[in-house]
Amino acid sequence: MTKIMKRKKINNTHEYDFVIDVIVPYEQEGLITLDEVVLLNNLISQFELRNKK
């Protein structure tokens with residue numbers, strides 16, 4: 001997760017699936033902040049747009 005946030009990009013479907021699976025539990029447990037959730041949601045959207053084509 002740290003690598004993805006530092007890079008500010010989701011590179012592949014494996015990373016995409018990982019972020020989708022853990023974003024809610026990580027936020028609930030306090031492992032990521034609200035700002036990080038917003039960043040990850042933006043990265044998810046960007047990945048989906050890139051791979052939609």
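Along the sequence shown, residues carry numbers from 1.
In the hydrophobic clustering of ILVMFWY residues, with side-chain heavy atoms under 4.5 Å counting as a link, L49 and I10 come out apart. Hydrophobic clustering keeps V22 apart from V38 (ILVMFWY residues linked when any side-chain heavy atoms are closer than 4.5 Å, directly or through intermediates).
Residues V19 and L43 form no side-chain contact, since every pair of their non-hydrogen atoms from C-beta on lies 4.5 Å or further apart. The closest side-chain heavy-atom distance from M5 to E36 is below 4.5 Å. A 4.5 Å side-chain heavy-atom check between Q28 and V24 finds at least one atom pair inside the cut-off. The shortest side-chain heavy-atom distance between M1 and K6 does not fall under the 4.5 Å cut-off. Residues I4 and N11 fail the side-chain proximity criterion, which asks for heavy atoms closer than 4.5 Å.
Of all the heavy atoms in E15 and R7, the pair that sits closest is OE1-NH1, 3.0 Å. For the residue pair I32 and I23, the shortest heavy atom distance occurs at CD1-O, 3.8 Å. The heavy-atom pair separating K8 from Q46 by the smallest distance is O-OE1, 4.5 Å.
Taking Ile, Leu, Val, Met, Phe, Trp and Tyr as members and joining any whose side-chain heavy atoms lie under 4.5 Å apart, directly or through other members, L34 forms no hydrophobic cluster with any other residue.
Evaluation of the ring pair (Phe, Tyr, Trp, His ring centres under 6.0 Å) test over residues 25-49, restricted to residues two or more places apart or in two chains, returns Y16-F47.
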